[in-house]
Structure formats: structure tokens, C-alpha cells
Amino acid sequence: MGKDDVKLLSMWASPFCMRVKVALAEKEVAYEEILENDLMGGKTELLIQSNPVHKQVPVLLHDDKPVVESTNILTYIDEVWPAKPLLPTCAYGKSRARFWADYIDRKVFPAGRNIWTAKEDGQVESARKEFLDILMYLDGTLGDKDYFNGDNFGFVDILLIGLTSWFPAFEKYGGFKVEDHYPKLAAWITRSYARKTVSESLTNPEKITNFVGMMRQMYGIE
Amino acid sequence: MADEVKLYAVGGSPFVCRVKIALNLKGIEYQNFEEDLSNKSADLLKYNPVYKKVPVLVHNGKPISESLVVVEYIDDVWKGVPILPQDPYEKAVARFWAKFIDDKCIPAIFKVFGSNGDKQAISEACEQLQILENELASKGNKFFGGDNINLVDITADFLAYWLEIIEEATEIKLVTKDKFPKITEWADNFVNCQVVKEILPPREHLLAFFRKRFGKA
């Protein structure tokens, strides 16, 4: 098999891009990161060509063939580089992972966004409650396991851990702490961050929180 | 060991029908449990505690929910006619289009009828549909899957059958042959596939249901 040429179009604040970086690191796949950093809408030609439908990062370019959407990219990475599988090997285990992937994708980030974009106290309170209700199911499914995947860090762990870089921002503007409500989930976050693949791939949450503060000013929320 | 396959369903749901098409494609025998959504069974609540929705497939006692997760599960477990391509890149492309239909197209279309034909909603839905139209036109195949239906065609079942019935019930026309010739042709081919035709709910029932739902009965 020829040498793989792998590029990742990404943006530093995007938790979806962080997911892909963790996955590539877990698989020990070398890649070139190409940053899309213009937040004011100036997207590069490469991004527009690679993802004409959504024009969004992350985009994985594998030998110049684009794969888009982070969960899709993770599945692709797992299939192309099968050593150290991210998904469970049995069909039922895969279906559970895909179910929770869909749940996380649909619910967590939008609920978090509702917190930091809320303008009035009442809105903040209901957004916080919704976010915590969503985490309840995740905490429940994690249970007493070390990772969502069981004994090994895997697919669902990677999908969620990227989003946790934004949790301190949600906590700040929502007035809560995840560890007060879901200590097991908080322990899982700490355990996951101890992995080099995670700590080296995730953006410092403080930088994210400052970024969210800047966006709130831009949107006239504060 | 004989497989025990149960499907918790509502016959008129396009999401349930995605699963039925997949089961039919693979020739899998199953028991159908028809749910009354205003009075959900204890089994449904047990098997899908997070969403409490249909479809739920229960295979040898183990539940799987969310229609696209179920369809992929069926493809993983039962060999025979493939629902997804073998090649990882082609698989990723198919999953992309399935998600586009599920996350963008269908919600945009629901918004049209939910808003009683609001112009902005129609314009947004047409934008999404045009992307699908262009994809069909560029590939020039009978189906999104090529000569045979695949995951993408199955995901788009709503567009092929239910959409036209809601259009008739509400008198709001979204997909015309002039505007979307490829989608129209694809829809006709799709509903005439044997494995699809066999499981589609009766048109008159859906028409009556939508007329009532959108207040035009």
C-alpha cells in the first residue's frame, strides 16, 4: 500500500475538528493540519471545493479525496486504519455506539449553545436544565465503566471528549459545574484528558471560554 | 439457533418503512408489533427509554433504535443484498448523503407544511432539494445507489412517497416534474421497486391522515 497523504482542514475552536485529531492520534496516522482561521466568513477555496454542500470543517482529505462531517470521518478512519479499533467489533456493540453518537451529535452542542446565547435569567435556567437532562442519559450509559467503549477509549469517548473543551464555557455562563451533578462523567473527563492523544489534540478550555466571551459581545449578549 | 426478530412499528411512518425496506431487501422474517403512539406499549418504553419512539428492532432480545442505526445494523448482521457499499470511501459518501437527507432535507420540508406554505420555508426546502437534484443529475444513475437502491435511497423514502401525498392533502406543491425532473424520475423508480412496493402503507390511509393533520379534511 502506498504512502497515505492525509490532510485535515480544521479550525482551532471547533470541537468537531478536535474529535478527528484525537482519532488520528489514537491510530498514529500522520497528517498535515490546514487551518481555516477566518471567522468572519472568508473560507478557503480548498474548503469550498472539498465540502461544497456545507462548506464546513472538519474535512479529511485522504489522497485528496474529501470525507466530511466529524462522526462520518471517525467511522472512515476506523475502517481504513483498522488496527486498534475505535468501534466495538460486534454488530450490536457498533449499533449502541452509533446510537449514542447520534444522541451526542444531536443534543449536546446545541444545548450548550442555548446556554451561552441566552439573554435573560429565565432562558439561562431552562437552557441549563435542558443541558443537564441531556448529560443524565450519558452519565447513565457510562455507568461504572472507565470509558463509554468499556475498558478501552473508543468511538463514543472521542465524539464526546472534543465537546468537553467547551464545557467550562457552558458552566461559566450557565452557573453550574458538571462534577456537582455527574461525578462519574467528570471523572471520565479527567481520565480521558490523561491520555496524550486527548491532551495534545484538544484546545485549552480557557482559550475556548475567552472565545465564547468574545462571541457573546459580538452578538450583543453582554 | 433461529433468529428472533421483532419490529415495533407504526405502519404509516417513513422512518419505520426504512427499516421494513431493509428487512425486506435481506429477506428477513420478523414479527411486527403495531404501536398506538398515544398509548405506547410497556415493551416500547422498555426498549427505547431515551426517545420512546418507533422504529425499534429487537434482535434476539436486544433492542436497536434510530432508523438509520437500525438499517446499518441490519446490513452488518445479515449478508446478501448489500445496503452500503464495501469501499470505505464510498461508504462515507453514502453516509454523508443519508445524513444530509435526514438532517437538512426532511426538516426543511416539514417546515413548509408546518408553516402552511410560508414562502421563506419553501425557498429553503427547494435549496436543499436542488442539491439532491444536482447529485442525481451528476451521477446519471437510476438510484443514489447506482443500478440498485442503497442506504441513501432508503433514507429518502419520505421524498419518494409521503411527500407527494402531503402535497395533495395540503395543496402545496414542492416537487414538480419541471423543477425537479431527476427527483421525480428517481421517486417513480423507487416506489416501483418490489421490496419497497410490498411494504408501503396504503395511499388512501395516508391521504386521509394528512388531510386531518393539516386541517383540510
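Letters A, B, ... are given to chains in the order of the sequence lines, protein chains preceding strands, and every chain is numbered from 1.
A salt bridge links A:R195 with A:E26: the closest approach of a Lys/Arg side-chain nitrogen to an acidic carboxylate oxygen falls below 4.0 angstrom. Ion pairing between a basic and an acidic side chain is recognised when a charged N comes within 4.0 Å of a carboxylate O; B:R95 and A:E79 show such pairing. Of the charged side-chain nitrogens involved, none lies within less than 4.0 Å of a carboxylate oxygen, so that B:K20 and B:D157 do not count as a salt-bridged pair.
For A:T117, there are no side chain to side chain donor-acceptor pair (under 3.5 Å) partners, not counting sequence neighbours.
Within the 4.5 angstrom heavy-atom criterion, no atom of B:W78 approaches chain A. Heavy-atom distances place no part of A:P52 under 4.5 Å from chain B, backbone and side chain included. Of the two parts of B:P63, the backbone and the side chain both hold a non-hydrogen atom closer than 4.5 Å to a non-hydrogen atom of chain A. Interface residue A:Y137: only side-chain heavy atoms are found under 4.5 Å from chain B.
Among A:D157, A:D146, A:T164, the one residue that satisfies the side chain to side chain donor-acceptor pair (under 3.5 Å) test with A:W188 is A:D157.
Here A:K65 is the residue among A:K65, A:R96, A:E69 with the most heavy-atom pairs under 4.5 Å with chain B. Heavy-atom pairs under 4.5 Å with chain A peak, among B:I131, B:V50, B:I64, at B:V50. Top candidate by heavy-atom pairs under 4.5 Å with chain B, chosen from A:Y76, A:F99, A:Y92, is A:Y92.
In this structure, A:R106 satisfies the cation-pi test against B:Y51, with its NZ or CZ atom closer than 6.0 Å to the six-membered ring centre and inside 45 degrees of the ring normal.
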